[in-house]
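Below, chain A is the first sequence line, B the second, and so on; all start at residue 1.
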Amino acid sequence: MLSENLRNESLEEKSKNFLEEIIEEDIRTGKHAGRVLTRFPPEPNGYLHIGHAKSICLNFGLAQRYGGKTNLRFDDTNPTKEDVEYVDSIKEDVHWLGFDWAGEYYASDYFEQLYEWAIVLIKKGLAYVDDQTQEEIRTTRGTVNQAGKDSPWRNRSVDENVDLFKRMRNGEFKDGEKVLRAKVDMAHPNMLLRDPILYRIIHTEHHRTGDKWCIYPMYDYAHGQSDSIEKITHSICTLEFDVHRPLYDWFIEKLEIFPSHQYEFARLNMTYTMMSKRKLLQLVQEKVVMGWDDPRMPTICGLRRRGYTPEAIRFFTEKVGIAKRDNVIDLSLLEFCLREDLNRRAPRRMAVLNPLKVVITNYPDGQVEQLEAVNNPEDESAGKRLVPFSKELYIEQEDFMENPPKKFFRLAPGQEVRLRYAYFMRCNEVIKDSAGNITELRCTIDPASKGGNSPDGRKVQGTIHWVSAQQAIKTEVRLFDRLFTKANPDDVAEGEDWKSSINPDSLKVIEAYLEPALAEAKSLDKFQFERMGYFSVDYDSKPGKLVFNRTTTLKDTWAKISGQ
RNA sequence: UGUCCUGUAGUGUAAUUGGCAACACGUCUGAUUCUGGAUCAGAAGAGUCCAGGUUCGACCCCUGGCAGGACAACCA
């Protein structure tokens with residue numbers, strides 16, 4: 001269940017972003033009869049990441065808010081890069097985020113229509129077959145400050161162009177031998193309008209159309225027309241497509257088809273995070289990470305495995321807002337959103353990550369008590385559980401200091417702390433090995449303080465968590481740190497690769513001791529290990545051999561005070 | 001030596017369309033607490049990229065600069 005706070009936040013009367021303003025204006029003026037239809041158009045050539053989540057929540061969210069619908073459309077116009085593996089993962093991730101699409105479409109569904117429209121353009125004298133090589137086309141395009149040159153094939157007759165284009169489709173030419181280009185203006189200040197390529201020849205099997213086609217439309221020629229075919233009212237994309245809009249409009253105008261309109265917003269960037277699909281692919285291929293769903297990856301599946309919830313991610317995309325200026329969001333905002341959600345819903349458990357043995361000298365050998373512990377102080381309905389207590393415990397190494405500084409509220413020689421939900425405990429003796437390392441603590445408890453409160457009303461400064469050594473279950477715990485050492489991973493010294501900012505210590509695997517209630521945890525179950533953070537069960541878990549991922553730590557005021 | 005987009009606390013996003021800048025994260029206090037968590041109360045922090053102009057009044061409109069970003073794949 002979504003926590004109250006998150007729910008209120010999303011329903012709260014909030015100021016509108018520029019897209020909401022536009023849509024409300026369109027509805028007000030009766031454009032498209034008030035209809036709102038958006039689309040999320042991924043290319044199935046990689047896994048979705050948190051940046052896509054922003055776009056997904058935007059597109060689906062806008063439609064929901066204004067009584068519209070959203071299509072899922074795969075932009076599958078390049079068979080050399082795309083694969084069904086990716087379409088499956090994309091569908092799974094969009095669903096997991098909590099959205100259902102109205103129609104599931106593929107640009108490849110429209111290949112025949114697109115082809116016919118190309119013929120229309122040719123017949124209007126607005127497209128031609130070019131025999132130049134890739135190299136020639138590139139050099140004659142000019143530069144941003146310099147006009148391009150017309151192709152020698154630019155003025156072929158309509159009949160010749162139609163014939164050649166049909167033969168391109170029929171497979172009479174090799175890859176790269178010919179292309180179909182729009183005839184716009186080789187001197188246009190916008191490079192994209194310098195006779196853009198519409199079709200290229202690729203003799204490669206397509207994951208959906210098989211070997212039916214050997215010519216494939218380019219993005220600019222396919223995308224807007226696909227929007228138009230679906231009668232998309234608001235085609236929302238990221239800023240870098242802004243320069244494409246004149247071309248988007250050009251096709252719609254020349255073809256005289258449904259006038260979809262494109263709007264651009266600024267993509268999401270985050271500190272210590274790499275958002276480039278290409279580079280993420282590299283991390284996977286070079287085995288820097290375990291895969292696309294490595295919990296350190298910013299992919300949706302990575303975040304899911306890490307222990308993030310769809311609610312937290314949606315809340316985050318609300319908080320980052322929508323605008324047109326470049327932005328870099330603090331990773332701390334994502335973590336805030338996560339904690340906000342998990343704090344309300346994650347059951348509490350006790351787990352010791354870094355064990356220090358404690359022997360309670362005034363506790364009977366072999367005795368085991370079951371003590372009652374609250375499952376979630378934020379949610380009474382979560383109930384209570386029993387935790388075993390005995391003579392030998394483990395506590396966190398960091399919770400004991402032989403020579404504590406002034407503000408250290410935890411255990412120290414002669415000091416008393418509360419063992420959460422158990423007893424007040426005093427440390428009497430520190431046992432060390434020959435090298436001087438602390439190996440064991442001898443302590444006594446106050447039997448009258450059972451349950452955690454002393455009848456004489458005396459206070460203790462600190463409460464620490466613990467686990468009974470005998471009943472504890474030993475599990476693997478994976479501690480993650482940010483994947484990159486630099487806030488901007490691309491900001492590296494001259495001649496250095498972005499990979500030089502990869503954090504070599506982003507994964508630390510340890511063995512931890514958990515209270516027995518955790519034995520039944522299942523994949524993706526989420527818990528707060530008291531005072532240590534939020535943890536989620538990894539897919540690698542096997543019966544009797546659990547693996548936990550640390551999703552994130554708790555806010556740690558002590559670390560700040562002590563200067564860690 | 002081009003075209004387009006964008007400049008508001010450290011980071012994001014607002015400002016009822018011209019009425020002396022708000023919210024969130026972060027930071028810092030204090031209260032409270034059987035999690036140094038959560039919660040509660042409070043504080044510091046920008047005068048809106050710069051310079052002119054219009055106006056009683058400009059973050060908002062105009063002019064000119066400056067800065068950042070995008071565009072020269074048969075990628076999307």
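Across all strands shown, U35(B) remains unpaired; no Watson-Crick or G-U wobble contact has both distances below 3.5 Å. Pair check for G30(B) finds C40(B); Watson-Crick or G-U wobble, both atom distances under 3.5 Å. As the counterpart of U11(B), A24(B) is assigned, both hydrogen-bonding distances of the Watson-Crick or G-U wobble pattern falling under 3.5 Å. Checking G45(B) for Watson-Crick or G-U wobble geometry (two distances, each under 3.5 Å) identifies no partner in any strand. With both pairing distances under 3.5 Å, G18(B) is matched to nothing as a Watson-Crick or G-U wobble pair. Pairing for G2(B) is with C71(B), a Watson-Crick or G-U wobble pair whose two hydrogen-bonding atom distances lie under 3.5 Å. Pairing of G64(B), defined by two Watson-Crick or G-U wobble distances under 3.5 Å, is identified with C50(B).
In this structure, the OH atom of Y221(A) is 14 Å from the P atom of A76(B), given to the nearest Å. Between K149(A) atom NZ and A72(B) atom P there is a gap of 19 Å when expressed in whole angstrom units. Atom pair N190(A):CG and U3(B):P shows a separation of 12 Å (rounding to whole Å applied). Straight-line distance from the CZ atom of R325(A) to the C1' atom of C59(B): 11 Å, rounded to whole Å. In this structure, CG of D326(A) is placed 8 Å from P of A70(B), rounded to the nearest angstrom. One can place CG of N327(A) at 6 Å from P of G12(B), the figure rounded to the nearest angstrom. Put simply, CG on N17(A) is 15 Å from P on U6(B), counting in whole angstrom units. Per the geometry, NZ belonging to K555(A) stands 13 Å off P belonging to G36(B), to the nearest Å.
Nucleic acid contact for P41(A): none, since no nucleic acid atom lies under 4.0 Å from a heavy atom of the residue. Nucleic acid contact for V320(A): sugar-phosphate only, since backbone atoms but no base atoms lie under 4.0 Å from a heavy atom of the residue. Note on F529(A): nothing from the nucleic acid sits closer than 4.0 angstrom, heavy atoms only. Using a 4.0 Å heavy-atom criterion, one finds that M532(A) contacts no nucleic acid atom at all. Within the 4.0 angstrom heavy-atom criterion, only backbone atoms of the sugar-phosphate kind lie near F336(A); the bases stay farther away. Among the atoms of the strands shown, base atoms are found under 4.0 Å from some heavy atom of Q132(A). No engagement by I464(A) is indicated, since no non-hydrogen atom pair under 4.0 Å with the nucleic acid exists. N343(A) comes within 4.0 angstrom of a base, heavy atoms only. When heavy atoms are screened at a 4.0 angstrom cut-off, E240(A) is found touching the sugar-phosphate backbone but no base atom.
The phosphate of G36(B) (OP1 or OP2) has a side-chain N or O of R531(A) nearer than 4.0 angstrom. For T463(A) and G36(B), the shortest distance from a side-chain N or O to OP1 or OP2 is not below 4.0 Å. Note on R200(A): a side-chain N or O is less than 4.0 Å away from OP1 or OP2 of C75(B).
Comment: D242(A) engages R245(A) in a salt bridge, judged by a side-chain N to carboxylate O separation of less than 4.0 angstrom. Contact check on R267(A) versus E240(A) returns a salt bridge, with a Lys/Arg side-chain nitrogen under 4.0 Å from an Asp/Glu carboxylate oxygen.
As rounded to the nearest Å, G19(B) and G47(B) have C1' atoms that lie 16 Å from one another. To the nearest whole angstrom, the two C1' atoms, one in G68(B) and one in U8(B), are 15 Å apart. Taking the P atoms as reference points, U6(B) lies 15 Å from A15(B), given to the whole Å. The separation of U48(B) from A21(B), taken at their C1' atoms, amounts to 8 Å, rounded to a whole angstrom. The same atom, P, is picked in C60(B) and in U27(B); the two are 33 Å apart, to the nearest Å. Here, C50(B) and G7(B) have their P atoms 14 Å apart, quoted to the whole Å. Comparing C28(B) with G37(B), their P atoms sit 12 Å apart, to the nearest whole Å. Separation of the P atoms belonging to U54(B) and C59(B) is 16 Å when rounded to the nearest angstrom.
Remark: aromatic rings of Y248(A) and H244(A) are distant, center separation not under 6.0 Å. Taking the six-membered ring for Trp and the full ring otherwise, F409(A) and W558(A) have centroids separated by 6.0 Å or more.
Because its NZ or CZ atom is both nearer than 6.0 Å to the ring centre of Y272(A) and within 45° of the ring axis, R482(A) counts as a cation-pi partner of that residue. Relative to the six-membered ring of Y115(A), R169(A) meets both conditions, a distance below 6.0 Å and an angle of at most 45° to the axis.
Positionally, the nearest nucleotide of RNA chain B for G452(A) lies more toward the 5' end than for the other of G452(A) and T557(A).
Under 3.5 Å, the side chain of R410(A) and the base of G36(B) form at least one donor-acceptor pair of N or O atoms. Contact annotation: side chain of E378(A) to base of U39(B), donor-acceptor pair absent below 3.5 Å. Within 3.5 Å, a donor on the side chain of H244(A) pairs with an acceptor on the base of A76(B), or the reverse.
Tested against Y199(A) for a ring-ring contact (aromatic ring centres under 6.0 Å, His included), the candidates Y216(A), W213(A), Y221(A) yield a single pass: Y221(A).
The aromatic rings of Y106(A) and F74(A) lie parallel to each other, with less than 30° between the two planes, well short of the 60° mark.
When only modelled atom types and interatomic distance are considered, Y423(A) and E369(A) share a side-chain donor-acceptor pair under 3.5 Å.
Classification of U17(B) as syn follows from a glycosidic angle within 90° of 0. Nucleotide G47(B) carries a syn base; the chi torsion (O4'-C1'-N9-C4 or O4'-C1'-N1-C2) is within 90° of 0.
Evaluation of W558(A) against the base of G36(B) yields a stacking contact (centre distance < 5.5 Å, interplanar angle < 30°).
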